[in-house]
Amino acid sequence: MDIAEKVKEYMDDPAVEEQFESDLRELIEIPSVAGAADGKYVFGRECGRVLETALAIGEKYGFRAENHDYYCGSLVFGDNPREIGIVAHLDVVPCGGGWSYEPYALTVDGGKYIGRGTEDDKGPLLTALYAMRYLKESGEKLPFTVRLIMGCDEEVGSSDLKHFASVRRVPEFSFTPDAEFPVCIGEKGIFSFDIMLGELPGGVVSFRGGTVSNAVADSASCTVITDRDPSPAPGITISRDGDKLVVTASGKGAHASMPENSVNAVGVLCKYLISEGLADTEGLRFLSEACSQYRGEIFGIDKTDKDFGYLTCICGLAGCEQGVLKANFNVRYIPSTPYDSIAESIKKSAEKHGFSAEVYSPSPGYHVSADDRRIRALTDSCSEVLGVSCAPYTMGGGTYARYLKNTVAFGATIEKYRGAFGEGKGGAHERDEYLSREEVVKAAQIFVMSLLRIARSEDQ
């Protein structure tokens, strides 16, 4: 029996499966949304409690547990000074409304683990721990220590990893199971900027659009004092309250890293206001054009390369600040393109139109060679378990990999098992978040085989 089959047999053992579900239930039941410091709990009591719980689970299986001042913790397998890391996180985003299942309780239904954090990232974290359990309990000897780093601040700012690097030596190579198989060898850099687009007409009472910076705005609205009755239009809803006309635009949202099929509601609203003569300024016209694009052409920053494709630039938020139209844009840029030159181009473009832009500091991306022996070990393991040829990829999303040296994103979701609940449900940050049992078992196989392949590659 080969290693992959042995790991599957281990994970499918009824006793092990029951333990996995019990451990996952303990983690999911804790609403570990990072918050304000509470004594020793630097990210709030719930993040502190989930870290304590995860460390206790690891200790139960014989791993050495380390609490790094409640910023993060480690479960350690081995005593070799050389370390390979697995980096995952225990904090989650707020659950929001509209769930069909209780978000902070594990539901096992139809081969799926459902609850907030099952996919992002408590389920993959626990899967990595069970891969370590298999290696430990089967007596495998590795030429390095495996360190599972469990963070508590990934969704907010990843200051947990900065603290880790200040108190422990960073592993020589790590992967984070916070994306999709196969291995992601590069992430675009990320930054945002605000642009002030001049005063709105006196008749405009309010203007707002979007809910977060890192997603294409899917709704926007404007209240205008007018006695006009404008024409109907697709995506536009109109209501009247006396002399006030409320115009609401609907679009199609998307993550800032994947805007291709989106429709920006801010752009829809601007275009309608102008076409109907309800409000018309140079700022509205500029914003209308900027929101009809997603590659930053209006700012002169549309860049492309062979490894990452093209830069993306989307408007996520728009509003009024003391009568001035303001919009916030999110940019995912190619690591080989200097941030400074992109920022300068944005500022010059704004100034050319009589506006001003404030560009914020970036989160730099990363890119590693697909020919690195450790990347080949991950890729080959993935191909063997999934039964298809797997090639490394790059993406516009951001993970822990950009915050810890020599780290790549690797798993733990598998495309064929995603989308079971339809669009907008079941994924990370979505309602009815889930991780399938098939993904857990296959990820455990891939993680075990990857670590063993890395070990073997050192002898070649």
Side-chain angles (χ1 to χ4, degrees), residues 187-200 207-218 220 249 251-271 273-274 280-321 324-365 394-398:
E187 296 177 9
K188 293 177 181 175
I190 303 172
F191 70 91
S192 66
F193 66 91
D194 288 329
I195 182 167
M196 307 302 288
L197 295 162
E199 293 184 0
L200 283 168
F207 186 103
R208 62 183 181 275
T211 55
V212 291
S213 172
N214 65 347
V216 175
D218 62 359
K252 183 179 180 182
H255 193 278
S257 65
M258 297 177 287
E260 288 77 6
N261 296 314
S262 65
V263 177
N264 198 310
V266 172
V268 174
L269 179 61
C270 291
K271 184 177 180 180
L273 294 174
I274 294 166
D280 189 355
T281 67
E282 182 66 22
L284 286 170
R285 290 180 178 271
F286 184 92
L287 189 55
S288 175
E289 184 178 352
C291 289
S292 70
Q293 309 167 352
Y294 55 79
R295 296 176 62 167
E297 293 94 336
I298 197 169
F299 299 105
I301 59 174
D302 46 318
K303 306 291 182 181
T304 303
D305 82 358
K306 63 181 179 61
D307 294 313
F308 285 87
Y310 46 79
L311 171 152
T312 61
C313 173
I314 63 95
C315 175
L317 295 168
C320 250
E321 193 171 282
V324 174
L325 179 63
K326 178 181 178 180
N328 177 269
F329 286 78
N330 186 281
V331 177
R332 308 293 167 117
Y333 69 97
I334 301 159
S336 62
T337 303
Y339 157 79
D340 290 341
S341 68
I342 300 173
E344 186 63 24
S345 182
I346 291 167
K347 291 176 182 177
K348 286 183 177 179
S349 177
E351 290 169 1
K352 185 176 73 173
H353 290 83
F355 309 133
S356 62
E358 182 176 2
V359 186
Y360 301 105
S361 297
S363 168
T394 62
M395 67 178 181

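This one's a predicted model, so the numbers in the text were calculated from it and none came from an experiment.
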Only residue of L287, L317, V216, D218 satisfying side-chain contact (heavy atoms from CB on, under 4.5 Å) with V266 is L287
For side-chain contact (heavy atoms from CB on, under 4.5 Å), just list the numbers for C291 and F286, CA-CA rounded to whole Å, side-chain angles, deciding distance to a tenth of an Å, and then say yes or no. CA-CA 9 Å; C291 289; F286 184 92; over 6 Å; no
If every non-hydrogen atom of G209 is compared with every non-hydrogen atom of A217, which pair is closest and at what distance? C-CB, 4.4 Å
Rounded to the nearest 0.5 Å, what's the gap from OG on S288 to CG on N264? Could you check? 10.0 Å
Please give me the minimum heavy-atom distance between A256 and P259, naming the atom from each residue. O-CD, 3.7 Å
Residues 350-358 side chain polar contacts: donor-acceptor under 3.5 Å, at least two apart:
residue, atom, partner, partner atom, Å
H353, ND1, S349, O, 3.0
E358, OE1, Y360, OH, 3.4

Check K326 with D194, please: is the shortest side-chain N to carboxylate O separation under 4.0 Å? yes
Rounded to the nearest 0.5 angstrom, the OG-CG distance for S336 and D307 is 7.5 Å
Any side-chain heavy-atom pair of T337 and L311 under 4.5 Å: no
Measure from the side-chain N and O atoms of S345 to the backbone N and O of I342, and report whether any donor-acceptor pair falls under 3.5 Å. no
Close side-chain approach of F191 and I346, heavy atoms under 4.5 Å: yes
Beyond-backbone contact of E289 with R285, side-chain heavy atoms, under 4.5 angstrom: no
Could you tell me whether the side chain of F207 reaches within less than 4.5 Å of the side chain of L269, counting heavy atoms only? yes
Please find the pair of heavy atoms, one from E187 and one from P335, that lie closest to each other, and give the distance. O-CG, 3.6 Å
Any chance you could lay out the side-chain contact (heavy atoms from CB on, under 4.5 Å) test for E199 and T281, step after step, and finish with the verdict? CA-CA 8 Å; E199 293 184 0; T281 67; over 6 Å; no
What's the separation between atom CZ in F193 and atom NZ in K347, rounded to the nearest 0.5 Å? 11.5 Å
For A327 and C315, work out which heavy atoms get closest and say how close. CB-SG, 4.2 Å
Which is it for R295 and T312 under the side-chain contact (heavy atoms from CB on, under 4.5 Å) test, yes or no, and what are the steps along the way? CA-CA 5 Å; R295 296 176 62 167; T312 61; 5.6 Å; no
Over 60° means perpendicular and under 30° means parallel, so classify the ring planes of F329 and F299, tilted if in between. perpendicular
side-chain contact (heavy atoms from CB on, under 4.5 Å) evaluation trace for I195 with L197: CA-CA 6 Å; I195 182 167; L197 295 162; 3.8 Å; yes
So N328 and S213, side-chain hydrogen bond (donor to acceptor under 3.5 Å, both in side chains) or not? Walk me through it. CA-CA 7 Å; N328 177 269; S213 172; 2.6 Å; yes
Of all residues at least two apart in sequence or in a different chain, which pass the side chain to side chain donor-acceptor pair (under 3.5 Å) check with Y310? E260
Between R332 and G396, is there a donor-acceptor pair closer than 3.5 Å when you use the side chain of the first and the backbone of the second? yes
Check the side chains of N330 and N214 for a donor-acceptor pair under 3.5 angstrom, ignoring hydrogens and angles. no
Atom pair CG (L200) and CG (L325), whose distance is rounded to the nearest 0.5 Å: 5.0 Å
